[in-house]
Colleague: 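Questions regarding the structure given below will be posed in turn.
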There are 2 protein chains.
Amino acid sequence: MGVACDLVILTVRDGSFEVLLIRRGIAPHRGRWALPGGFVRPAEDLEQTARRELAEETGVDSDRIHLEQVATYGEPGRDPRGRVISVAYLALVPDLPVPVAGSDAASASWIPVADVLADPGRLAFDHHRILADAVERARAKLEYSPLATAFCADEFTISELRGVYEAVWGVALDPRNFHRKATRTEGFVEPVGATTTRDGGRPAQLFRRGAATTLHPPLTRA
Amino acid sequence: MGVACDLVILTVRDGSFEVLLIRRGIAPHRGRWALPGGFVRPAEDLEQTARRELAEETGVDSDRIHLEQVATYGEPGRDPRGRVISVAYLALVPDLPVPVAGSDAASASWIPVADVLADPGRLAFDHHRILADAVERARAKLEYSPLATAFCADEFTISELRGVYEAVWGVALDPRNFHRKATRTEGFVEPVGATTTRDGGRPAQLFRRGAATTLHPPLTRA
DNA sequence: ACAAAAGTGTTTGCTCTACACCCATGT
DNA sequence: ACATGGGTGTAGAGCAAACACTTTTGT
């Protein structure tokens with residue numbers, strides 16, 4: 001019985017919530033879009049497999065990237081090659097400096113999540129469902145965890161952080177209330193002590209990710 | 001590569017939060033406690049495997065039982081027989097009429113969750129960690145889903161429902177505020193129209209599980 | 001001067017907690 | 001009569017949405 005890891009790699013670029021997809025070069029489903037993934041090697045842990053694939057596709061040192069398991073899909077017949085069960089992982093990456101520097105860059109692209117979710121036939125295998133499950137997990141985790149910072153650079157402004165929430169949730173948030181909430185929630189963000197004017201207007205303080213693993217109280221979606 | 005499903009079957013009996021464990025009759029780890037489980041058959045879906053094992057262990061028609069996937073564990077070396085990855089499922093069952101009517105009843109027992117969690121060496125394989133993850137999932141889901149009703153009989157009183165929360169969370173809740181919260185949260189419970197005096201005191205209204213899948217607002221732990 | 005974004009203060013309404021109090025049964 | 005648990009009412013604290021307002025830059 002084959003065991004594979006598939007990756008849902010999400011980012012936020014210019015206010016757009018996007019997923020990294022590859023165009024399959026080999027059968028089955030040759031030429032169709034799919035999630036990046038690969039088989040687990042004999043001596044390899046599941047998370048190691050996921051990190052290896054992540055590094056291959058993004059060219060980024062995967063140690064600093066948030067990666068978590070989402071679910072496992074094992075329906076007989078989900079892969080025409082035979083019985084393959086797939087462990088899906090969710091990766092949240094910042095807007096990468098080099099767009100897609102992986103081994104097979106020509107066939108990998110960032111695609112808006114909303115476009116892919118709106119078209120259930122776009123992805124090969126059962127990858128549409130895997131994507132939907134992973135996106136829902138990401139949306140839910142933004143509420144009660146400081147995970148939105150995983151989409152930001154090391155240092156970020158509060159409005160950049162707000163932009164992540166707005167892109168992922170697809171809603172508009174009040175900048176003033178968001179600012180209060182983000183800065184007052186214990187352990188969410190820590191001031192760096194510097195400012196930037198890169199977002200225009202009055203200089204904004206820079207922040208770094210705080211030490212908290214869960215947010216009390218949570219941020220609420222719309 | 002072998003693929004198995006392991007089951008964390010939880011219940012609440014007489015105010016005690018308990019897990020169904022079996023004493024292993026064969027190597028490896030013969031004679032030690034473990035979670036029930038078994039290998040996935042070639043033409044079988046993962047959830048089918050879990051439901052089959054659940055029916056074998058509890059003797060209950062598993063269609064009416066809440067079952068959800070928790071996580072997959074695949075560290076090389078977690079099973080001395082070779083490379084086995086295990087998909088863990090969480091099952092929530094009401095206090096069963098026939099305690100444990102499975103095929104191998106003599107070796108299966110309900111054990112208080114707190115006792116098992118307090119002793120990391122009690123379970124075989126990596127089952128302690130699987131149990132801990134599943135219990136945390138169950139505790140979290142009681143907050144924002146109507147899942148506590150899965151531990152109750154078809155018809156239950158509000159104080160019986162409160163007893164589930166108190167047992168699973170290990171806290172005392174205010175009966176008056178809990179009553180208000182449970183009955184006013186849209187879709188959580190619906191009145192049956194009958195009463196019972198089985199809990200003593202003034203007759204209590206009976207309720208059934210409502211239609212909601214998530215609770216707004218959530219119940220809060222302590 | 002003006003636009004744009006950062007950040008603070010205030011009002012208003014809601015929710016949650018804690019607890020006083022009454023209700024309906026068994027013994 | 002009394003104990004036991006069921007259920008409602010209410011005051012006070014705390015939180016959050018909505019929005020007026022001030023601050024600090026670039027052009």
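Protein chains get the first letters and strands the later ones, always in sequence-line order, with residue 1 at the start of each.
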Colleague: Rounded to whole angstrom units, what separation is found between the CZ atom of A:F207 and the P atom of C:dA6?
Modeller: 11 Å
Colleague: So which of residues 154-166 of chain A are in contact with DNA chain C, with a heavy-atom cut-off of under 4.0 Å?
Modeller: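 The stretch gives A:S159, A:R162 as the residues lying under 4.0 Å from the strand, ordered by number.
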Colleague: I need the CG-C1' distance between B:L206 and D:dG6, as an integer number of Å.
Modeller: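 Computing the B:L206:CG to D:dG6:C1' distance gives 13 Å.
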Colleague: When you compare the side chain of B:F17 with that of B:V164, does any pair of heavy atoms fall below 4.5 Å?
Modeller: no
Colleague: So, A:D6 and A:S86: side-chain donor and acceptor under 3.5 Å apart, yes or no?
Modeller: yes
Colleague: Please report whether the ring centroid of B:F207 lies less than 6.0 Å from that of B:F156.
Modeller: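 No: the rings miss the under 6.0 Å criterion.
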Colleague: Quick one: sort the A:H127 and A:F125 rings into parallel, tilted or perpendicular, breaks at 30° and 60°.
Modeller: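 Judged by the thresholds at 30° and 60°, the geometry between A:H127 and A:F125 is tilted.
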Colleague: Please identify which of these residues, B:E53, B:E47, B:Q48, meets the side-chain hydrogen bond (donor to acceptor under 3.5 Å, both in side chains) condition with B:R51.
Modeller: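 By the side-chain hydrogen bond (donor to acceptor under 3.5 Å, both in side chains) criterion, B:R51 pairs with just one of B:E53, B:E47, B:Q48: B:E47.
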Colleague: Rounded to whole angstroms, how far apart are CD on A:Q205 and P on C:dA5?
Modeller: 18 Å
Colleague: When you match B:P203 and A:G200 each to their closest nucleotide on DNA chain D, which lands nearer the 5' end?
Modeller: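 It is B:P203 whose nearest nucleotide is closer to the 5' end.
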Colleague: Checking A:S145 side chain against A:L142 main chain: does a donor-acceptor pair fall under 3.5 Å?
Modeller: no
Colleague: Under 4.0 Å, heavy atom to any atom of DNA chain C: which of residues 169-196 of chain A qualify?
Modeller: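 Listed by number, they are A:R176, A:H179, A:R180.
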Colleague: Would you state whether a donor and an acceptor, one from the side chain of A:R202 and one from the base of C:dA5, lie under 3.5 Å apart?
Modeller: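 By the distance-only test, no, there is no pair.
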Colleague: How close do B:R198 and B:E155 get, counting heavy atoms only, and between which atoms?
Modeller: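 Shortest heavy-atom contact: NH2-O, 3.2 Å.
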Colleague: Using the closest heavy atom to pick a nucleotide of DNA chain C for each, name whichever of A:D199 or B:T197 lands nearer the 5' end.
Modeller: A:D199
Colleague: Please determine, by modelled atom types, if B:D199 and B:T157 share a side-chain donor-acceptor pair under 3.5 angstrom.
Modeller: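 On atom types as modelled, these side chains qualify, holding a pair under 3.5 Å.
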